[in-house]
Each structure stands twice: as C-alpha cells, then as structure tokens.
Trainee: 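Below you'll find the structure I mean.
We count ligands from 1, going down the list as the structure has it; atoms in each ligand are counted the same way.
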Amino acid sequence: MEEKEIIEKLENLENELRFYQQLGAGFMVGRQKKPADEEKPAGELIGLEKETESQLFQAEEWEKLIRRIRDCRFCPLFQGRTQAVPGEGNCQARLMFVGEAPGRDEDLHGRPFVGRAGQLLTKIIEAMGFKRQDVYITNVVKCRPPENRTPRPDEVKACSPYLLHQIELINPRVIVALGKVAAEFLLQTNKSMSELRGHFGQFKDIPVMPTFHPAYLVRNEGNREIKRMVWEDMKKVVKLLESS
Ligand code: URA
C-alpha cells in the first residue's frame, strides 16, 4: 500500500473515531441493522470491545459536563468571568485535588491552579512522586469570584452539582481538599483548618485529606512549619495510595 493511501485510511479512521466519540455508544454506523443485531450492544456491532464502549460513554459524559460548566449561568459569577474553569487532568486519576475557585490567572487561561499558588501545587504534586497530568485538579466553584473573594454559600450550592458529577465520574481513591472552602464542602463541617488538617475524613466512601491551601503557603512563604504540616499531610495521602 502506498504511503498516501495509508495516510488517507488513517485520517478516515480518525474521523470515524471522533464521530463515535461525539455520538457515544448508542448508535449504528455504516450498515443497516440486521434482526440478530437488535439484542447486541451498539459497540459490539462495530466491533468495539466492552471496555472501549464504556470509555466512549465516559468521554461523552465528560464532554457534556464540560460544556454545561462553560455555559453555566446558575449564579451571578458568570457575569464577571472571562471563562469558566472546569478542571483538568487524568479523568481516571486515583488522586484528585479540589481547591476553592479560580483566581485571575485561572480565569484568563481557563485552567485551574496556574498562578503562583498553582505553581506551588504542581511542586507539591511532583514531590509526592506524581506528574500534574496524573492527577485531576479542580475547584468547588468554577467561575472566578470578584476580587478573588471567598465564594458565597449560594455560589457554592449552585456550582456543587458539577463537582459532585466530576467526583462520580473519576471515582478517585483519595481526594485532597485544599483549604477551608473545599474541606467544608466535602466534609460538611465548619471546623477550622488547623483542626481538620492531617486527618482523613470521608466524602461518601472516599477518603478526604484536608490541608492548607497553596495560596496560604504562598502568603506565608517564610513559615516552615506550615510547609512541614502540608508535607506531613501529603505523605499520608501517598501512603494510603501505596497501600491500596
Ligand atoms: N486558587 C484556587 O482555589 N483555585 C485555583 O484554581 C487557583 C487558585
């Protein structure tokens, strides 16, 4: 087969796969249904393994969720945003980080934790032995509050279905709650961070480690004790991941 022909075939295949991805698993492609096909799962009809079929379903779910977040107008924060910041990373991550809300840099780039606090978070993740792309990073609230103020309870409530859906899709082995807003939301508590940090709580059946927000570390750059505490918390997270 000539190189040109191979490239053409690969391009066709790529388009076809994109098409499957857009439509999800419940579809027929390229031929009429035969009666015997009726009972077969749609993916099988086009020769997809069950696993691939479920991956396509997940991809479609993610696509819908991200689109809903980007178009969301459930609370007044949409008025001041450049763009919503859904989250990023490995959708099958065992480890998930949940922060408060996007800041200025995140609002401009549409990505979570890319400012100074984000750079520190990346260092923490790497010190834990992971790459940023191995984990999933998101926030409780997906749009930037004015002047980076703390999100209000009504904003947290309006945005909460998105985080709940993300957690459900990822089903991580452990979640790190970065700061008070995330810890309060996931653990349904109003205890102080000093009381909460260092101890696993539970969100449904998922262990949650509350720890200080990286922005707090940035604000207290010279304070080695806070750094030490965060590192102690992260070591517990790594230990739990290693043991399961
Ligand atoms: N602070 C957060 O809580 N989230 C971000 O994405 C950035 C800063």
Side-chain angles (χ1 to χ4, degrees), residues 65-66 69-70 72 75 77-78 80-91 93 95-128 130-167 170 172 174-187 189-190 192-194 196-197 201 203 208-221 223 226-227 229-230 233-234 237:
L65 176 59
I66 302 297
I69 295 173
R70 291 205 192 281
C72 181
C75 84
L77 291 183
F78 83 89
R81 73 183 175 210
T82 308
Q83 58 198 311
V85 182
E88 69 180 19
N90 181 350
C91 295
L95 174 57
M96 184 169 180
F97 289 85
V98 179
E100 180 176 309
R104 183 174 159 276
D105 294 307
E106 290 75 23
D107 172 77
L108 289 174
H109 290 94
R111 296 179 54 209
F113 282 97
V114 290
R116 269 191 84 192
Q119 285 157 22
L120 183 55
L121 176 62
T122 305
K123 282 190 190 157
I124 293 171
I125 292 167
E126 286 170 357
M128 294 168 82
F130 304 111
K131 295 197 197 82
R132 204 177 138 110
Q133 59 267 32
D134 295 334
V135 304
Y136 195 86
I137 306 173
T138 189
N139 288 297
V140 174
V141 167
K142 313 300 190 198
C143 294
R144 181 193 182 197
E147 313 299 328
N148 295 351
R149 65 159 168 73
T150 305
R152 292 196 308 247
D154 58 311
E155 292 157 352
V156 169
K157 192 169 173 207
C159 218
S160 62
Y162 301 131
L163 177 59
L164 297 179
H165 199 170
Q166 286 173 314
I167 296 174
I170 296 168
V174 53
I175 300 175
V176 175
L178 299 166
K180 196 163 167 56
V181 171
E184 272 182 5
F185 176 76
L186 291 167
L187 301 174
T189 174
N190 47 25
S192 72
M193 276 312 293
S194 306
L196 290 172
R197 66 143 288 269
F203 172 80
V208 175
M209 173 57 77
T211 197
F212 294 119
H213 194 288
Y216 182 65
L217 290 183
V218 170
R219 283 198 300 276
N220 295 278
E221 213 173 351
N223 190 328
I226 304 175
K227 276 191 200 140
M229 286 192 274
V230 171
D233 301 345
M234 294 308 98
V237 169

Trainee: Identify which one of Thr150, Val141, Asn148, Val140 satisfies the side-chain contact (heavy atoms from CB on, under 4.5 Å) criterion when paired with Glu100.
Mentor: Thr150
Trainee: My understanding is that only one of Leu178, Asn139, Leu163 makes a side-chain contact (heavy atoms from CB on, under 4.5 Å) with Val98; could you say which?
Mentor: Leu163
Trainee: Suppose we measure from atom 4 (N) of ligand 1 to each protein heavy atom; which comes out shortest, and what is that distance?
Mentor: Asn139 OD1, 2.7 Å
Trainee: Regarding atom 8 (C) of ligand 1: of the candidates Gly115, Gly99, Ala101, which has the closest heavy atom?
Mentor: Ala101
Trainee: With a 4.0 Å heavy-atom cut-off (strictly under), which part of Glu106 contacts ligand 1: side chain, backbone, both or neither?
Mentor: side chain
Trainee: More than 12 non-hydrogen atoms from neighbouring residues, nucleotides or ligands closer than 6.0 Å to NE2 on His109, yes or no?
Mentor: no
Trainee: Which atoms of ligand 1 have any heavy atom of His213 under 4.0 Å away?
Mentor: 1 (N), 2 (C), 3 (O)
Trainee: What atoms in ligand 1 come closer than 4.0 Å to a heavy atom of Pro112?
Mentor: 6 (O)
Trainee: Once rounded to the nearest 0.5 Å, what's the spacing between atom NE2 of His165 and atom CD1 of Ile170?
Mentor: 10.5 Å
Trainee: Need the ligand 1 atom indices (1-based, order shown) with element for anything under 4.0 Å from a heavy-atom of Glu100.
Mentor: 2 (C), 3 (O)
Trainee: Give a yes/no verdict on whether any heavy atom in Arg111 is under 4.0 Å from an atom of ligand 1.
Mentor: no
Trainee: Using side-chain heavy atoms (C-beta onward) and a distance below 4.5 Å, is Arg144 in contact with Thr82?
Mentor: no
Trainee: Hey, could you give me each pair passing salt bridge (charged side-chain N to carboxylate O under 4.0 Å, His left out) that has a residue in residues 208-221? Not counting sequence neighbours.
Mentor: Arg116-Glu221
